[in-house]
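Chain letters run A, B, ... following the sequence lines, proteins first and then strands; every chain starts at 1.
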Amino acid sequence: MTKPHAHRPSTDFETRVYRIVSAIPAGRVMTYGQVAARIGRPAAARAVGQALHRNPDPPRIPCHRVVDARGGLSQSFAFGGKTAQARLLRAEGVRIRAGRVYPSSPR
DNA sequence: ACGTTGACGTACC
DNA sequence: AGGTACGCCAACG
């Protein structure tokens with residue numbers, strides 16, 4: 001049974017993105033580019049962002065731990081933008097400053 | 001099937 | 001240092 005009726009037509013790409021992001025431990029962050037590179041598509045950082053935007057299971061997929069190359073938080077983060085994301089990260093011990101995680105934040 | 005969109009990245013001014 | 005321009009990739013209408 002290959003997918004009876006998936007209401008979520010996740011593609012392989014998305015599946016891999018979610019899988020990698022789900023594995024990011026609390027207190028640590030990864031960049032879109034790193035996730036993309038890990039999938040084998042180093043230039044697909046933008047697509048990674050798209051996939052996270054379509055995050056099917058927010059509570060299960062800690063997408064707040066993904067930031068851009070400069071450590072910048074997501075402006076369009078679900079419900080609250082950077083504020084909400086910053087709050088989640090701070091709760092895990094990640095230092096945020098001016099909407100960005102510190103340069104030396106564990107990756 | 002094509003064009004547009006978007007939670008990126010890097011180079012350049 | 002900050003802002004602009006262009007390139008990349010996958011999903012969607």
Short heteroatom pairs, N/O only, protein and nucleotides 1-4 of chain C, under 3.5 Å:
none

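- Among pairs with a residue in residues 62-85 of chain A, those fulfilling salt bridge (charged side-chain N to carboxylate O under 4.0 Å, His left out) read R65(A)-E92(A), at least two apart in sequence or across chains.
- Separating the CD atom of Q50(A) from the P atom of dG7(C) is a distance of 19 Å, rounded to the nearest angstrom.
- Nearest nucleotide to the side chain of R41(A), out of dA7(B), dA10(C), dA11(C): dA10(C).
- At the heavy-atom level, Y32(A) lies under 4.0 Å from base atoms of the strands shown.
- Using a 4.5 Å cut-off on side-chain heavy atoms (C-beta onward), Y18(A) and D57(A) make no contact.
- Comparing dC12(C), dC9(C), dC8(B) by their nearest atom to the side chain of R54(A) picks out dC12(C).
- In the region residues 90-101 of chain A, proximity to DNA chain B at under 4.0 angstrom, judged on heavy atoms, holds for none of the residues.
- In this view, R19(A) satisfies the side chain to side chain contact (heavy atoms under 4.5 Å, CB included) rule with no residue, not counting sequence neighbours.
- Between Y32(A) and L52(A) the shortest side-chain heavy-atom distance falls below 4.5 Å.
- Counting only heavy atoms from C-beta on, H53(A) has its side chain closest to dA7(B) among dA10(C), dG9(B), dA7(B).
- In this structure, the side chains of T83(A) and R87(A) stay at 4.5 Å or more apart for every pair of heavy atoms.
- Here the P atom of nucleotide dA11(C) and the CG atom of N55(A) are 15 Å apart, to the nearest Å.
- As judged by a 4.0 angstrom heavy-atom cut-off over every strand, A47(A) is placed among the base-contacting residues.
- Per the geometry, CD belonging to E14(A) stands 11 Å off C1' belonging to dC12(C), to the nearest Å.
- Remark on DNA chain C: of its neighbouring residues R46(A) and F13(A), the 5'-side contact belongs to R46(A), judged by nearest-heavy-atom nucleotide.
- Within the structure, the salt bridge (charged side-chain N to carboxylate O under 4.0 Å, His left out) test picks out no pair touching residues 33-49 of chain A (sequence neighbours left out).
- Sorted by residue number, the members of residues 69-77 of chain A with any non-hydrogen atom under 4.0 Å from DNA chain B read A69(A), S74(A), S76(A), F77(A).
- Rounding to whole angstrom units, CG of residue D12(A) and C1' of dA11(C) are separated by 14 Å.
- Put simply, the side chain of R95(A) does not reach to within 4.5 Å of the side chain of V101(A), judged on heavy atoms.
- Between Q85(A) and V67(A), the closest side-chain pair of non-hydrogen atoms falls below 4.5 Å.
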